[in-house]
Amino acid sequence: MKFKKVLSLVLISAMTCSLAACSGGTTTTSQNNATDDAAGADNNTASAGTDSSAGTDNVGAATDTAPAGDAVEEADLSDIIPDETVTLTVYSQLSNYEGEQIGWFADIMKEKFNVKLNIISNGDGVFDTRMESGNLGDIVLFGSDGDEYTRAYENGMLFDWNEDDILSDYGPYIKSHMADALDKNASISGGTVYGFGHDVSSGAGQYGEFDYHPDIRYDLYKQIGSPEINELEDYVDVLKQMKEVCPTSDSGKETYGASLFKDWDGNMVMFVKATATNFFGLDEFHFGFYDADTGEFEDCLQEGGHYERCLKFYNTLYQQGLLDPDSMTQGYDGCMEDYQDGGAFFCIFNWMGATQYNTNEHMAEGKKLLPIAAKNQDTLVYGLGQSGSNRVWSIGAKSQYPELCMAIINYLCTPEGRLDYEYGPQGVCWEWLDNGKAELTDFGLDCKVLAAREDKVMPAPYSGLWDDGCPQMNNTTWSLNTTIPDGVDGQTFNFKYWDKYLALEVDSAEQEWRTDMGVESYTDYMNQFDYSISLPHNYAESAKSDELATTWEQVKTCIQNGSWQAIYAKDDSEFESIVAKMRADADSYGYQECIEWCENEAALRKAAEYE
């Protein structure tokens, strides 16, 4: 579904009430650019604001309990809380972290459940190794509900949530508030409930934020005369001019237009396919894209297709010395260091480059990454579904503590648990107000808005830095942008629409951008451009035959390797040669069989969509 200039009317009805609170003469922040919800991204967000020493300050009139209308089902945990602390293994295909959870979230787990969490991330071969061992872990988080999830439940590696009534006894909030998500999981799991997908919506007709928008250094953009940008390719010359006026980073290193990493590559190169989502309204779908407007499938190796166009964009950056040459080898951390250091000027994710660069120090100097969209772009926005999305919460069949795992997941699905997970402990980082709404404390606000979150030390009884204590599982239960179940005035979980955040004064760089663009928020700005909405759906990918699965892996490796080789091509002729070879090699491995499967899956997804 394609829209223009109306998303602010339908994002979430609750925003109307929240935004009304900031009308008046004071400059306010109605939306910032650090979304906490991106696919495959680090769950932690940058933070900042002014220094605040007290973590337990009162926020208006606060209470320790949920609003009266919030009928939180409490499970009796007295029979399952261990006398001695136990360590649960959390195998998360979404995490960038390896090791024991530390800090305030570890303290919450210890206090409420007397457990420690040991996080296992998903490196090469980890899933197969754990499958062979016969034990995936205690809490198991899947990156998708596709092949590996299917292999897991079909081979008896996941716990049936209705066995021994553990869902009813220890997951009552999930059972009463996430029925559609549980039904969806049963429908894709042979009739048995093994979990539910992430980003569940509490109601119909709700939409997420603009997770994608091109952010660039606005101070440099102004310095070079604010040239017009109509198409994706126009950024090349803009970034070239930026490099000419700012050739070195904060630390004196060479600057580049963009910096990438390959850690999150899947069937395609992540940055390449995500650029198509940002500029052409296409959703990544197996070996290609799903057109949210038409339901049609476009394979990624189509000649003159959107994947090739985005691939060529990054190759052009490379040819002109505007792509960090370490992009293929540096990894996630190296890329983030580039943006922190001011070594790259352009990023397509609103939660990535800006959250690293937009520190108090940079903003005090009038430097900031801010959205500058191409006139003809078409950005994809995701509709929220009550059945959830595809990153599955589940419990390992070999867990010795399935009831305890269920109780933990249930807690993370309560309003209190979701807010604790996102912002920090209740009473320290956020509170329920007497009017029934949630609100951040001053300390909690400092920890969430853009600045030096590494300075935020947790007050007693917690210890360590707020940033270090953030949950490392990196999955969500409720969508951040859905309304709080049984809440007040349609308030969402997203603090950017709460009164305290809306009342913040903005920095001079952003105020200049707002004045220049004639808008009051990032959402207002992005509403000026075309966008498409990916409708919520109950689709889950079909199982592949063993033969197709083998073919698929060969094709995937071919596309990944060929794409990176094309990005690093020294000239257009070499680029064309590499892409042609990639197509030929993929065909020899059985690419067309994969595409036939993809086209059938696209039809299934179309049939599974709902408004």
Side-chain angles (χ1 to χ4, degrees), residues 12 14-15 17-22 28-29 32 36 44-45 47-74 103-112 173 202 411-449 451 453 456-467 469-471 476-504:
I12 299 171
M15 294 180 189
C17 298
S18 295
L19 291 174
C22 72
T28 57
T29 302
N32 222 313
D36 302 310
N44 302 339
T45 57
S47 66
T50 57
D51 235 351
S52 178
S53 58
T56 55
D57 54 337
N58 291 326
V59 183
T63 65
D64 293 330
T65 57
D70 191 6
V72 179
E73 287 77 1
E74 294 288 347
W104 58 262
F105 188 67
D107 293 339
I108 290 176
M109 290 291 101
K110 178 74 160 47
E111 176 187 359
K112 289 183 176 294
Y173 199 87
S202 59
Y411 155 71
L412 296 175
C413 293
T414 65
E416 177 196 38
R418 182 65 178 96
L419 292 165
D420 282 350
Y421 185 91
E422 189 67 34
Y423 301 116
Q426 180 182 1
V428 174
C429 296
W430 68 275
E431 289 287 359
W432 293 114
L433 302 182
D434 283 345
N435 63 10
K437 291 186 177 181
E439 185 55 276
L440 295 180
T441 63
D442 289 344
F443 177 80
L445 186 62
D446 274 353
C447 292
K448 289 301 293 185
V449 297
R453 65 184 181 181
K456 305 306 173 200
V457 178
M458 293 295 293
Y462 303 95
S463 61
L465 302 177
W466 179 86
D467 187 45
C470 290
T476 57
T477 54
W478 297 108
S479 167
L480 192 66
N481 293 301
T482 196
T483 54
I484 298 174
D486 303 314
V488 175
D489 294 336
Q491 184 184 31
T492 74
F493 286 104
N494 193 338
F495 80 104
K496 295 175 188 174
Y497 301 101
W498 298 357
D499 292 346
K500 182 169 284 192
Y501 182 81
L502 293 171
L504 287 177

Check your understanding: Taking the side chain as C-beta and beyond, is there a heavy-atom pair between Glu422 and Asn494 under 4.5 Å?
Key -> no
Review point. Considering only heavy atoms from C-beta outward, does the side chain of Pro461 approach that of Trp104 to under 4.5 Å?
Key: no
Check your understanding: Do Leu445 and Leu504 have side chains that get closer than 4.5 Å, going by heavy atoms?
Key -> yes
Study note, to complete from the structure: Phe105 meets the ring-ring contact (aromatic ring centres under 6.0 Å, His included) criterion, sequence neighbours left out, with Tyr421
**Study point:** Trp466 side chain vs Tyr423 backbone, donor-acceptor pair below 3.5 Å
**Key:** yes
Exercise for review: Provide the closest heavy-atom pair for Thr492 versus Trp498 in the form atom of the first, atom of the second, distance.
Suggested key: O-NE1, 2.9 Å
Check your understanding: Just by modelled atom types, is the Gln426 backbone N or O under 3.5 Å from a matching donor or acceptor in the Asp420 side chain?
Key -> yes
Practice item. Please report the shortest heavy-atom distance between Leu440 and Phe495, naming the atom on each side. Key: CD1-CD1, 3.6 Å
Check your understanding: Is there side-chain contact between Pro415 and Asp486, with at least one heavy-atom pair below 4.5 Å?
Key -> no
Study note, to complete from the structure: Here the pair of heavy atoms bringing Pro485 nearest to Ser202 is CG-CB, 4.2 Å
Study note, to complete from the structure: Sequence neighbours excluded, the answer for side-chain hydrogen bond (donor to acceptor under 3.5 Å, both in side chains) partners of Asp107 is none
Study note, to complete from the structure: On a heavy-atom basis, the closest approach of Met458 and Leu465 is CG-C, 4.1 Å
Point to revise | Heavy-atom closest pair, residues Ala438 and Trp430 | key: CB-CE3, 4.4 Å
Exercise for review: Report the C-alpha separation of Thr476 and Arg418 in whole Å, then their side-chain angles, then the decisive distance to 0.1 Å, and conclude whether the side-chain contact (heavy atoms from CB on, under 4.5 Å) test is met.
Suggested key: CA-CA 8 Å; Thr476 57; Arg418 182 65 178 96; 3.7 Å; yes
Review point. For Lys500 and Thr441, which heavy atoms make the closest approach, and how far apart are they?
Key: NZ-C, 3.8 Å
